[in-house]
Protein chains: 2
Amino acid sequence: MSTRKPDPRTADIMLRHWREAVPNDRIAHLIKDSSRGLQRALQTRLAKHNVSFGHWVFLRVLWVRDGITQRELSEEAGLMEPTTFSALTSMEKLGYLERRKLPHSRKNVYVFLTPAGRQLKKKLVPLAEDVNEVAVRGIDPADVATTRRTLLVMIENIARDESEHADPARAARMQRMLDATDNEVAEDTDSKKSTDAFRV
Amino acid sequence: MSTRKPDPRTADIMLRHWREAVPNDRIAHLIKDSSRGLQRALQTRLAKHNVSFGHWVFLRVLWVRDGITQRELSEEAGLMEPTTFSALTSMEKLGYLERRKLPHSRKNVYVFLTPAGRQLKKKLVPLAEDVNEVAVRGIDPADVATTRRTLLVMIENIARDESEHADPARAARMQRMLDATDNEVAEDTDSKKSTDAFRV
DNA sequence: AGCGCTTGATTAGCTCTCTAAGCATTTAGC
DNA sequence: GCTAAATGCTTAGAGAGCTAATCAAGCGCT
């Protein structure tokens with residue numbers, strides 16, 4: 001069975017099907033599938049250069065700014081500290097970065113790219129651009145823009161919901177994640193005229 | 001640092017920033033974040049009923065049709081067999097389902113819901129509906145529809161790319177995943193008039 | 001009947017992510 | 001100035017997903 005068989009039932013039964021079979025998580029489902037697809041597409045490309053997807057996330061941040069603490073790095077990347085910790089440990093082993101303590105604090109650990117880590121940028125960035133180009137191929141840029149806007153509002157909605165109902169730590173995290181994303185979008189808007197070729 | 005600081009640099013420098021800081025995976029990033037948010041929102045709700053997110057995925061399929069093999073179940077759920085296997089093992093322990101061998105085959109294992117597993121549906125489906133309702137709150141339904149369409153094309157694009165470049169097994173998997181999603185959308189369209197309240 | 005390909009279930013082991021809980025250091029309040 | 005709280009790093013352990021490899025059963029061909 002490679003495909004769900006076309007359903008010969010009437011519209012009425014279909015309605016019941018869609019009520020009962022949880023139609024309402026379809027968009028969540030679609031988002032999840034596209035996320036997995038995009039991730040895998042990048043992953044296979046990165047793998048050829050011996051970089052895992054997990055490392056990519058942190059390299060992206062560090063290429064922009066290194067010499068920051070693990071905590072800051074976690075927030076920029078939108079991931080929890082233990083995740084960051086283990087990724088950094090393995091990246092350090094691979095020689096992409098160094099963790100250093102600076103004299104003014106014995107607590108904080110600052111993360112610096114090595115030349116090797118910095119050079120990955122030239123090789124890796126085009127891979128991400130390629131994935132992106134493939135993904136949006138043939139789609140009206142206006143639709144992509146709408147999608148981006150919609151997703152952003154969805155993230156906001158969920159963040160707000162969490163902050164109302166649940167665990168404040170998680171909500172704060174979501175909010176920070178959102179702030180970072182907002183900034184991306186804001187900068188994107190500012191640089192619109194001159195960077196249309198890079199907008200996706 | 002809870003937020004990336006507003007960048008005081010000129011538009012020209014910003015342009016370089018957006019070239020170099022990999023602007024092109026922003027939409028991927030947005031998709032990933034919304035996926036994580038949605039998943040967590042559902043997860044916290046499911047947790048109150050002692051159901052994990054991983055179980056939800058399979059329950060959804062089984063509520064529609066049980067008595068299928070693990071292999072079929074994997075394909076319907078869009079997950080690999082080992083993932084299915086371990087999820088089923090723990091769900092069986094929890095008493096939500098049974099794995100039975102039928103007389104006509106000593107190879108295949110058929111999965112049946114127990115009454116307990118079947119009854120979860122009434123409790124759990126509203127949780128997913130709630131998450132969804134929260135997520136799309138305040139968003140123009142037309143934008144949501146555009147987003148759905150766009151994501152679907154993106155999945156198609158990525159699937160096609162994989163089938164051209166890479167590993168045929170993975171591409172076939174993507175294609176099946178896509179077929180299933182297409183059917184969902186097709187059924188959705190068919191039942192449009194009568195189910196607008198349920199469309200998301 | 002028997003040899004080999006195919007298919008389904010399983011095992012092993014990896015990655016990425018999380019929560020919870022620990023320890024060490026720094027900061028704040030009395 | 002010293003204890004208490006907050007902050008940052010780390011460890012431990014779990015869940016969800018994957019690939020690769022193994023094993024067993026069924027099927028196909030001669």
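Source: prediction; values computed, not measured. Order of the sequence lines fixes the chain letters, A, B, ..., with proteins taken first and strands second; residue numbering starts at 1 for each chain.
Under the 3.5 Å distance criterion, the side-chain polar atoms of B:Lys101 are matched with a main-chain donor or acceptor of B:Arg106. Although no hydrogens or angles enter the test, the distance criterion places no donor-acceptor pair under 3.5 Å between the side chain of B:Thr84 and the main chain of B:Gln70. A donor-acceptor pair is defined here as one N or O able to donate and one able to accept, closer than 3.5 Å; no such pair exists between the side chain of A:Asp143 and the backbone of B:Thr150. A:Trp63 places no side-chain N or O within 3.5 Å of a backbone atom of A:Gln119 that could act as its donor or acceptor partner.
Atom pair A:Leu88:CG and D:dT11:C1' shows a separation of 15 Å (rounding to whole Å applied). Spacing between atom NE2 of A:His55 and atom P of C:dT15 amounts to 8 Å, rounded to whole angstrom units. When rounded to the nearest whole Å, the span between CD of A:Glu75 and P of D:dT7 equals 11 Å. B:Gln43 has its CD atom 11 Å from the P atom of C:dC18, to the nearest Å. Straight-line distance from the CE atom of B:Met80 to the P atom of D:dA16: 17 Å, rounded to whole Å. Note: NZ (B:Lys93) to P (D:dA14) measures 13 Å, nearest angstrom. The nearest whole Å value for the distance from the CD atom in B:Gln39 to the P atom in C:dT19 is 12 Å. Rounded to an integer number of Å, the gap from B:Phe53 CZ to C:dT19 P is 15 Å.
The stretch residues 86-99 of chain B participates, sequence neighbours left out, in these salt bridge (Lys or Arg N to Asp or Glu O under 4.0 Å) pairs: B:Glu92-B:Arg99, B:Glu98-B:Arg100.
Among the heavy atoms of the strands lying under 4.0 Å from A:Ser105 are primed sugar atoms or P, OP1, OP2 only; no base atom is included. As judged by a 4.0 angstrom heavy-atom cut-off over every strand, B:Ser52 is placed among residues touching the sugar-phosphate backbone only.
Of the two residues near DNA chain C, A:Arg106 and A:Gly54, the one whose nearest nucleotide lies more 5' is A:Gly54.
Between B:Leu73 and the options B:Leu97, B:Val109, B:Val61, B:Val57, a side-chain contact (heavy atoms from CB on, under 4.5 Å) holds for only B:Val61.
Residues A:Ser34 and B:Leu151 approach most closely at OG-CD2, 3.7 Å, considering heavy atoms.
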- Note on the structure: In 5'-to-3' order, the base (B), backbone-only (S) or no-contact (-) status of each nucleotide in nucleotides 3-12 of chain C, using a 4.0 angstrom heavy-atom cut-off, is ----BSBBBB

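Within the structure, every side-chain polar atom (N or O) of B:Arg36 is placed at least 4.0 Å from both OP1 and OP2 of C:dC16. Listed pair B:Thr83 / D:dC18 meets the phosphate criterion, a side-chain N or O lying under 4.0 Å from OP1 or OP2.
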